[in-house]
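This structure is a prediction, so every number in the text was calculated from the model and none was measured.
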Amino acid sequence: MVSQIIRQVVNSPRILSIVRTANYSRSYRSSAISFGSFPTTNLQKRLLHRAINPSSNVTPLLKYGCRPTFYDVRSKHSLLMVGSQVRTFSFISIPRFVLHALRIPVAGVTVGVGGLTYANYKLNDLASKSSDLLSSITNGVKSAIGTIGQGINVDLPIVEIHVPEFLTNIFSPKSGPSATSNSFQMESDRPRFIKREDENYSSDPSGGGTGGGGGAAAAAVAVGAATLFSTNEKEDDEDDVGNASNRRIPEQDNQFMLLTKKLIEVRNILMSIDHNEALRLPSIVVIGSQSSGKSSVLEAIVGHEFLPKGSNMVTRRPIELTLIHTPKSKEEYGEFPQLGLGKIHDFSHIQQTLRDLNLAVPESECVSNKSIELRIYSPNVPDLTLIDLPGYIQVTNKKQPETLKDKIVELCEQYIKEPNIILAVCAADVDLANSEALKAGRKVDPLGLRTIGVITKMDLVEPETGSAILRNTDYPLHLGYIGVVCKPPANRNNQKNITSALMAHEDQFFRSNYVYSQRGIQVGTGTLRRKLMEVLEESMAKSLFSIVGAVQLELEEARYQFKVQYNDRRITAESYVAETIDSIKHNFKDFAHSFGKPQVRHEVRTMLEQRVLDLCAELYWTDSKIVDLPKVSADDLYWQYKLDMSSAALTKSGIGRTSTQLVVDVLMANMEKLASMEPLNNHPDTSSKVLNFSNEILRHKFHTTADQVENCVKPYKYEVECSEQEWADGVKRSITLLEKELESCDKALRHIRNTVGKKKLRAAIKYILDAEKEEAKRVQARIKDAGEVNNESSTHTIPLAVLISSVNDTMEEGDVEHTRLHFNPKVLEKAKEAIFLRDRSMILKYRLAALKSRQCKLPENKQYCPEAFLNMVAEKLTYTAVMFIQVELLNEFFFQFPREVDNRLVYDLDRKQILSFAKENPHIRKHLELQERKRKLEEVMEKLNYLVRRQRDIEGRKGPTNF
């Protein structure tokens with residue numbers, strides 16, 4: 001390649017000559033070609049250009065490392081030197097080469113983007129001006145025609161600009177995936193070409209459009225000269241109605257309404273704890289007269305008929321309605337947190353529950369300030385907090401109290417205070433001058449800064465009248481008036497949610513009346529929903545920092561109280577239940593150790609010893625022949641018969657059932673004592689459960705134990721064998737028993753003497769004894785006289801029963817007469833008791849002497865010592881009964897009770913029951929409530945801190961002027 005280039009240059013005449021460098025030294029170039037003179041003619045230039053043309057020879061030359069070089073060897077003369085050069089490759093030159101290569105494409109892209117941006121700006125401006133111009137022209141033409149025609153209704157066709165899809169895609173802003181997902185069905189119900197008051201609002205923070213509408217309008221204006229106006233209004237309306245179910249308002253981005261959503265969560269948390277007025281968050285309070293359409297407005301916002309309706313004041317309690325938007329779920333349901341009914345998907349059930357809760361207030365009161373809390377979760381509702389109050393009334397009926405009107409006014413004034421937002425509902429067919437809602441709102445909000453007027457039943461008035469009300473001139477409100485119809489069509493196509501059908505019906509009504517298309521008039525449920533969302537969001541933002549301060553104070557107080565009272569010691573309901581069950585088992589274990597066979601034997605022996613005393617008193621101590629008992633012979637049948645009869649009475653008296661019942665009673669008495677101790681004394685229901693299943697265990701084993709005892713004591717009913725040791729023990733126990741009885745008699749006698757007085761008691765006793773003697777003589781005389789009469793009259797016979805009755809009546813009359821004359825009846829009763837105790841003491845002393853005599857040392861003389869014999873039999877019965885009671889009853893009870901405690905008191909409880917059980921203890925309830933309050937306030941504070949940081953970031957991005 002090099003040789004060819006040199007050859008072409010050298011062959012050129014009068015141009016080139018081969019030379020060497022001036023110093024004849026070898027150059028760093030291998031060879032050089034020097035021009036004697038620079039080419040001057042065109043031919044020479046063409047030849048030189050062709051020789052070094054990059055397209056032919058120079059490019060290959062460069063590839064092989066050679067390059068043409070101009071080299072000046074003579075002073076001020078231009079030379080061309082072409083030589084073979086070797087140059088190394090450098091990586092440093094790559095970026096420079098890339099930059100040089102990309103300069104032109106980058107410049108082209110920059111110019112194109114700038115042009116498109118400028119075009120978009122111009123198109124947006126032109127679209128806004130065109131829309132305003134078309135709207136003003138249409139309204140002007142309609143107004144002129146309406147004025148001239150005076151009643152001729154002329155509907156101009158609605159201008160619609162069709163935009164090619166590719167232009168719409170080019171000019172419509174993209175707000176990310178969230179622009180088309182997670183949206184709930186709320187469409188603007190304003191007529192076409194009505195400029196929105198919040199037209200700068202967009203899901204894009206940069207303000208680059210309103211969900212695609214601005215870009216489409218810009219593209220429409222750009223090709224407006226080439227498009228046609230569509231004048232088929234009927235077809236347009238049919239398309240709107242057909243697509244009503246698919247209408248969805250622009251989706252909330254990550255910024256808009258996030259504050260409201262989070263603060264609603266905070267409000268729900270604060271409502272579960274006791275808080276003061278400083279922690280109140282803004283809510284929308286709905287007020288209005290009865291039948292003004294309050295319920296219809298709320299149901300239009302929710303999309304379901306769920307509020308009770310009727311003519312007899314069905315709203316008697318405030319309904320705190322919380323709407324929670326759930327974009328990720330299609331499920332719609334309601335909850336009553338106060339009732340714990342769970343999720344209710346049937347809104348008719350919610351309606352019936354609200355009706356029952358309201359009608360639970362008696363007609364004598366009619367209203368109550370105890371609110372009903374209802375939460376509705378749905379993807380079709382915005383995040384709002386609404387409070388529905390009873391409607392204002394003018395006249396009360398005969399069943400209602402006269403103060404009902406004042407009660408409703410006081411209740412409404414309690415809720416419409418700051419920072420709540422007032423939603424004053426008024427019917428369009430009622431003069432606003434008579435609106436109780438506006439009157440109440442102006443009383444607490446004179447400037448109307450936080451009052452929204454809602455005019456219902458707009459279809460019942462003329463359009464001109466309705467537009468005049470909505471223009472906000474007579475009774476101005478800062479937030480304005482919004483007109484709604486809230487009347488869904490009859491044919492809903494079996495749709496559960498009425499929002500779409502209702503808004504389509506409203507849209508059709510307002511579009512058919514051009515006066516509602518004028519600027520400054522707000523109509524439609526969709527507009528109302530957006531207005532409520534924006535106003536509540538703004539109010540929440542204003543109240544944020546004050547709420548943070550109030551929550552911070554409450555949290556510091558809760559932390560201080562928790563530190564001082566409980567030293568930051570945390571407990572749980574589960575741990576308290578476990579401690580309580582362990583305490584019950586521990587107390588029962590202590591009782592089981594203290595109540596064993598010795599204690600059971602003592603209880604049964606005490607019962608049988610008392611039975612022995614009763615038998616001796618009945619068969620022996622009241623017998624007048626008892627003084628002759630030590631002197632009778634051993635074969636005396638009278639005393640032998642009495643001994644057998646007393647033994648049979650003791651053994652055949654149902655000892656098995658009696659002793660078992662005695663032990664059951666003792667066990668139940670101890671269980672009642674255990675149930676009344678700590679910690680069960682704070683849990684009455686649990687104490688009842690403990691007693692119930694304790695009784696069940698004992699009753700389950702009662703009959704088996706009683707039968708076993710009866711079967712084992714049967715031999716003692718026929719014959720009782722007695723050893724000398726058993727007899728000796730019986731004698732000792734009998735002596736001890738009689739001594740105790742004697743001591744009890746003496747103690748009771750002393751008590752009577754101290755109560756009545758010795759002299760008075762002695763006189764009363766003497767009086768009673770003398771009266772008894774006199775009565776005995778009188779009875780004897782009467783009997784004697786009666787006998788003589790019977791002997792004299794043989795034909796007349798007086799029955800003995802009649803004679804005894806007459807004698808007794810005479811004695812009673814005499815006793816009453818003497819009592820009235822001398823002593824108080826109570827003193828006489830004490831005197832008779834003292835006589836009985838004196839006689840009993842004398843008998844006991846006599847029997848003690850007999851038991852201590854030699855005659856009672858041997859078991860063969862048992863007929864002389866019946867007390868010792870019966871005591872010995874009672875001991876045998878006690879031993880036998882206790883043995884089977886211990887095995888069949890006590891052991892089974894002590895084994896089953898701890899297991900029943902676990903089954904009945906632990907395993908059957910759920911989380912809610914465990915928490916309720918723990919809160920029955922006032923100290924634990926206070927501890928848990930303070931601990932829970934502290935935890936919830938910390939959770940609220942964490943959410944509020946996040947919202948504060950987010951709010952400050954938003955204000956910082958807006959600039960120092962908005963900060």
ring-ring contact (aromatic ring centres under 6.0 Å, His included) partners for Phe894, two or more places apart: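 Result, ring-ring contact (aromatic ring centres under 6.0 Å, His included) vs Phe894: Phe588.
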Test ring-ring contact (aromatic ring centres under 6.0 Å, His included) applied to Phe693 - qualifying residues, sequence neighbours left out: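 With neighbours one apart ignored, the set is Phe897.
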Check against side chain to side chain contact (heavy atoms under 4.5 Å, CB included), Tyr576 and Ile914: CA-CA 9 Å; Tyr576 173 74; Ile914 290 174; over 6 Å; no
Closest heavy-atom pair and its distance - [X], [Y]:
X	Y	result
Cys745	Arg840	SG-CG, 3.4 Å
Ala558	Leu937	CB-CD1, 4.1 Å
Lys830	Ile752	O-CG2, 3.9 Å
Leu680	Ser687	O-OG, 2.9 Å
Arg601	Val882	CA-CG2, 3.5 Å
Val604	Val663	CG2-CG2, 4.4 Å

From CA spacing to verdict: side chain to side chain contact (heavy atoms under 4.5 Å, CB included), Arg904, Asn692: CA-CA 11 Å; Arg904 305 285 186 91; Asn692 289 336; 5.8 Å; no
Are side-chain heavy atoms of [X] and [Y] found at a separation under 4.5 Å?
X	Y	answer
Phe893	Leu889	no
Phe884	Ser659	no
Asp902	Lys585	yes
Thr658	Leu608	no
Asn695	Met668	yes
Cys865	Val731	no
Gln863	Asp636	no
Tyr767	Leu828	yes

Distance check, rounded to the nearest 0.5 Å: [X] atom [atom1] versus [Y] atom [atom2]?
X	Y	atom1	atom2	answer
Arg750	Lys758	CZ	NZ	11.0 Å
Ser734	Leu848	OG	CG	10.0 Å
Ile584	Thr686	CD1	OG1	7.0 Å
Lys857	Lys852	NZ	NZ	10.0 Å
Ser723	Asp729	OG	CG	8.0 Å
Trp639	Leu619	CH2	CG	10.0 Å

More than 12 heavy atoms of other groups within 6.0 Å of [X] [atom1]:
X	atom1	answer
Tyr846	OH	yes
Tyr638	OH	yes
Arg838	CZ	yes
Arg699	CZ	yes
Gln913	CD	yes

Plane angle bin for Tyr566 and Phe562 - parallel if under 30°, tilted between 30 and 60°, otherwise perpendicular: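 If you compare the ring of Phe562 with that of Tyr566, the planes turn out tilted.
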Salt bridge (Lys or Arg N to Asp or Glu O under 4.0 Å) partners of residues 646-661, not counting sequence neighbours, each pair once: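 Residue pairs with at least one partner in residues 646-661: there are none.
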Pairs meeting criterion salt bridge (Lys or Arg N to Asp or Glu O under 4.0 Å) with involvement of residues 862-882, two or more places apart: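 Listed by first then second residue: Arg605-Glu875, Glu726-Lys876, Arg733-Glu875, Arg847-Glu867.
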Ion pair check, Arg778 and Glu775, cut-off under 4.0 Å: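 Yes, Arg778 and Glu775 are salt-bridged.
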Can you tell me if [X] uses its side chain to pair, donor with acceptor, with the backbone of [Y] under 3.5 Å?
X	Y	result
Glu892	Val887	no
Lys689	Leu905	no
Trp727	Ala868	no
Ser575	Ile571	no
Asn891	Gln886	yes
Gln855	Pro630	yes
Ser646	Leu615	no
Thr622	Glu618	yes
Asn567	Arg569	no

Residue pair Ser583, Asn587: steps toward the side chain to side chain contact (heavy atoms under 4.5 Å, CB included) verdict: CA-CA 6 Å; Ser583 178; Asn587 294 338; 3.8 Å; yes
Criterion side chain to side chain donor-acceptor pair (under 3.5 Å) against Glu938, the qualifying member of Lys934, Arg935, Lys936: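 That would be Lys934.
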Test item: side-chain donor near acceptor, Glu603 and Gln599, under 3.5 Å: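 The answer is no; no qualifying pair exists.
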From CA spacing to verdict: side chain to side chain contact (heavy atoms under 4.5 Å, CB included), Thr580, Phe917: CA-CA 10 Å; Thr580 302; Phe917 175 83; 3.7 Å; yes
Pairs involving residues 663-678, ordered by first then second residue, that meet side chain to side chain donor-acceptor pair (under 3.5 Å) (sequence neighbours left out):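 Applying side chain to side chain donor-acceptor pair (under 3.5 Å) to every pair that reaches into residues 663-678, excluding sequence neighbours, yields Gln661-Asp665, Glu678-Asn681.
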Pairs flagged by ring-ring contact (aromatic ring centres under 6.0 Å, His included) wherever residues 641-668 is involved - sequence neighbours left out: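 Qualifying pairs, neighbours excluded: none.
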